[in-house]
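Here the structure comes first, spelled out in structure tokens, and everything after it is commentary.
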Amino acid sequence: MESGRGFRYFCKMHANFLNDLNTVQRQAADTTEGPVMIIAGAGSGKTRVLTYRIANLIFKGVDPFHILALTFTNKAAREMKIRIGKLVSESDARNLWMGTFHSVFAKILRIEAEKIGYPSNFTIYDTDDSKSLIKTIINELGLDDKIYKPNLVLSRISSAKNNLISDREYNDNAEIIEEDRKSAKSKLGLIYSLYNQRCFKASAMDFDDLLYKTNVLLKKYPEVLYKYQQKFRYILVDEYQDTNFSQYLIVKKLAAMHQNICVVGDDAQSIYAFRGANIQNILNFEKDYPELKTFKLEQNYRSTKTIVQAANSIIKHNKDQLKKVVWTDNHDGEKISLLQAGTDNEEGQIIANRIFELKANHQLANSDIAILYRTNAQSRSMEEALRKRNIPYRIYGGLSFYKRKEIRDLLAYFRLVINPKDEESLKRIINYPARGIGKTTLEKVIATAAEHQLSIWEVLVNMSQLRVITGASAQRLTEFVTMIKSFQQALTGNAFDLATHIARSSGLLKELGADKTPEGVSRQENVLELLNGIQEFIDTESESEDEVQERTLEVFMQDIALLTDADEDEKNDPNRVSLMTIHASKGLEYPAIFVVGIEENLFPSQASLSSRTELEEERRLFYVAMTRAEKFLTLSYALMRYKYGQIQYCEKSRFIEEIDQDLLILPSGAPKSGALLEFDDERTSFRSFNRKEPGIGSLKPKNNAATPLKPKSPTAFTPTRSDFVPDDTSNLSSGMQVEHERFGPGKVINVEGKPGDKKATIIFQAFGQKQLLLKFAKLKIIA
DNA sequence: CCAGTACTTAGGTTG
DNA sequence: TAAGTACTGG
């Protein structure tokens, strides 16, 4: 079958290419048959081993189509493909099945969708969609959303799915029922069932469904399981310590036939237990495959001796761990600096100063440096300080491009056009931009849908037969349906043309164009950027050879559904300091690392203190943070910090005490807040500088002048005119020119409603289309 | 319907 | 403090 593929690569690769690896690494990469577990300490060249192992498989003649490699992020998959491409050939690398669990199995689910009753163009609900649907259900059931908090409900449902507990099993399980009853949330099971029904009716799957339904598919259809067992003869799983039960079982089933399964992980770096990841999977692995060969990668190539020893001294305080000794041949390096600041703001200033010193003394670039923190809220004081010193930075994990409102709005149009049953999208845009479809009308439609067991879309399409809504409202709903249908006609055509057409004729671009504030302009630019992205998508060729897909809008949407902001590439100025949470830093490395806010109740976090397992997870998190550093590691804490606008007094973290103290440089006379060093620019010039409030200097009031004020909205500039005398509008009709006290001149395009309670739709020159109730609106009739 | 105001709440977050 | 939602007057 594998007709001597190795031959083709003989010239390109010298047979001894595995000599680039150390002994254990080489064994791990060359033991290609049978179950293998690789325990890979931090910085031990794990990615390198995976890369070489896959290249080795291809070199030995395995067809890339038969290799499945599951990674933690799409970015990791992309980078690994590039590296493998350089070892073998780009076309072979392209043909690998490589990606996250979610993206790989979403692909498979689309192929097999009809077996489980879904269309292949099913929508993927993201967390916001899920939450919004849960909110709807809670409201419909008349439950209190303070008891049934959408976040909590979702995490409960998610955890059920990740443990493969169906809604039926949930509702039949005495233990679960008792647990929910005790916490006064006995309706959770009902919400779970309704949520599933609604997702199914909307032809939608949430993130957890992608794994759950894969399990259902493989269990219910042995022939499908067989097909993929045949296909995936070699399976590799990265970051195995962070997989959950649902993922574990998928892998176990797929690997059952050939048993060529290789998992790579490090129990010391397991930091996602809080959402279902299970270290037990590693222990299970040994039970499932008694023939297993285990390799321990213990030599660290990343960090100095100091950093490796410090990290080891931390992790040894955890009881639960596999035996492993991480060591390094690297230099001792510098000691770890510990900095103490008076307040969170001062912490930012000290760090910024320190970054200047490091860059000046050690020829580091901004991009060699990362600041890591426990919670996103901590980024503020760091940003402020960096901005003041003109140090360019980039924040990971902020509001990603695809989460911006204007982008979600346009994507909702695309989603609805592709899958008109997608109710979350429909509700989002049916009246945006405003087209006079009010809350009452929509509620009537939803009620009708529930009554007849139809989707909202089906009600809209069959409105004339159902005769629930009549008159002007029905007219506008019909117009909406006609518009969406006309978009659907163009689905097979050019994706960019269709997308642009939708953005224009939905009125979305016009709506955004009406807003002349800087924010408004930037929203418009974002939409244009998305359209550019679609053009770019069309211009790039399809990833894999076996699916020569048309670059339609539908395919584009499938592509971006599972993106995260870790996937965004750095277009402008790559030379920036990186800011991110420790969670987001997993798998990354930098010459210089700052870990900030190492205080009790923050790191370890307050909530983790009550249980040993949670505290140990925090400690692993600290271990991950420290082991990101290659040469320079700086830790810091503050004595005071703002939390929810209140001052909180802090104590340095127990984790600091746990570090081998010989490796630390303790805060030698932490700078008093009276005299900080203030740098002017990137040169080393600096001057002493006195703060305004001696003593408690850094507890300065917020909203200082350094923070740019938000530009005022145009509304604020339009004075309320005392000479404005409104006209009688009881006979207002379409086509009339009017003037509004605040919105200025505009043209009436529609008037409806009973006399005395009329609603007018007016396009204002400067403010776009608005609907106004005439009993309130003060209008002057011009013509 | 629109827009300003009062009130509530707050963890880390793959895809 | 900041963001998001619910309420209310025009």
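Proteins come first, then strands; the chains are lettered A, B, ... in the order of their sequence lines, and each starts at number 1.
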What integer distance in Å separates A:Asn278:CG from B:dT14:C1'? 16 Å

On DNA chain B, more 5' by nearest nucleotide between A:Ala434 and A:Phe72 is A:Ala434

Quick one: is B:dC1 close enough that its OP1 or OP2 comes under 4.0 Å of any side-chain N or O from A:Lys775? no

Rounded distance (Å) that lies between atom C1' of B:dA10 and atom CZ of A:Arg641: 16 Å

Measure CD1/A:Ile762 against P/B:dC1 and give the value in whole Å, please. 14 Å

Verify whether one side chain among A:Tyr195 and A:Ser130 offers a donor that lies under 3.5 Å from an acceptor in the other. yes

Sugar-phosphate, base or nothing in reach of A:Thr100, heavy atoms under 4.0 Å: sugar-phosphate

Ranking A:Gln646 and A:Lys135 by the position along DNA chain C of their nearest nucleotide, the one closer to 5' is A:Gln646

Just the rounded figure in Å: distance from P of B:dT14 to CG of A:Asn281. 20 Å

Would A:Phe274 count as stacked on B:dG11 if the rule is ring centres under 5.5 Å and plane angle under 30°? no

Could you label the plane-to-plane angle of the A:Tyr272 and A:Phe274 rings as parallel, tilted or perpendicular, counting under 30° as parallel and over 60° as perpendicular? tilted

Contact nearer the 5' end of DNA chain C, comparing A:Leu773 with A:Asp145: A:Asp145

Check for a donor-acceptor pair, side chain of A:Arg435 on one end and backbone N or O of A:Ile430 on the other, with a separation under 3.5 Å. yes

Base B:dG12 paired with A:Thr375 side chain (donor-acceptor, <3.5 Å): no

Considering every strand and a 4.0 Å limit on heavy-atom distances, what is the contact class for A:Asp208: base, sugar-phosphate, or nothing? base

We want to know whether A:Asn162 and A:Ser246 form a side-chain donor-acceptor pair, criterion being a heavy-atom distance below 3.5 angstrom. no

Given A:Gln646 and A:Gln648, is the side chain to side chain donor-acceptor pair (under 3.5 Å) satisfied, shown in steps? CA-CA 6 Å; A:Gln646 306 281 98; A:Gln648 298 257 310; over 6 Å; no

Identify whether any heavy atom of A:Lys146 sits under 4.0 Å from a base atom; if not, whether one sits that close to sugar-phosphate; answer base, sugar-phosphate or nothing. sugar-phosphate

If I take atom CG in residue A:Asn74 and atom P in nucleotide B:dT14, what distance separates them, rounded to the nearest angstrom? 12 Å

Look at the rings of A:Phe655 and A:Phe622 and say which category their plane angle falls in: under 30° parallel, 30 to 60° tilted, over 60° perpendicular. parallel

Tell me what A:Lys643 touches on the nucleic acid: a base, only sugar-phosphate, or nothing, going by heavy atoms under 4.0 Å. nothing

Length of the line joining A:Tyr402:OH and B:dT13:C1', which is rounded to integer Å: 20 Å

Between B:dT13 and A:Asn376, is there an OP1 or OP2 to side-chain N/O distance shorter than 4.0 Å? yes

Whether A:Thr127 contacts B:dT13 is assessed here as follows: a side-chain N or O lying under 4.0 Å from the phosphate OP1 or OP2. Is that the case? no

Residue met sooner reading DNA chain B from 5', once A:Asn244 and A:Lys149 are mapped to nucleotides: A:Lys149

Just wondering, do A:Tyr644 and B:dA10 stack (centres under 5.5 Å, planes under 30°)? yes

Among B:dC1, B:dA3, B:dG12, the one nearest A:Phe776 by side-chain distance: B:dC1

Protein-nucleotide distance (A:Arg374, atom CZ; B:dT13, atom P), rounded to Å: 8 Å

A:Leu621 has an atom CG; how far is it from atom P of B:dG11, in whole Å? 16 Å

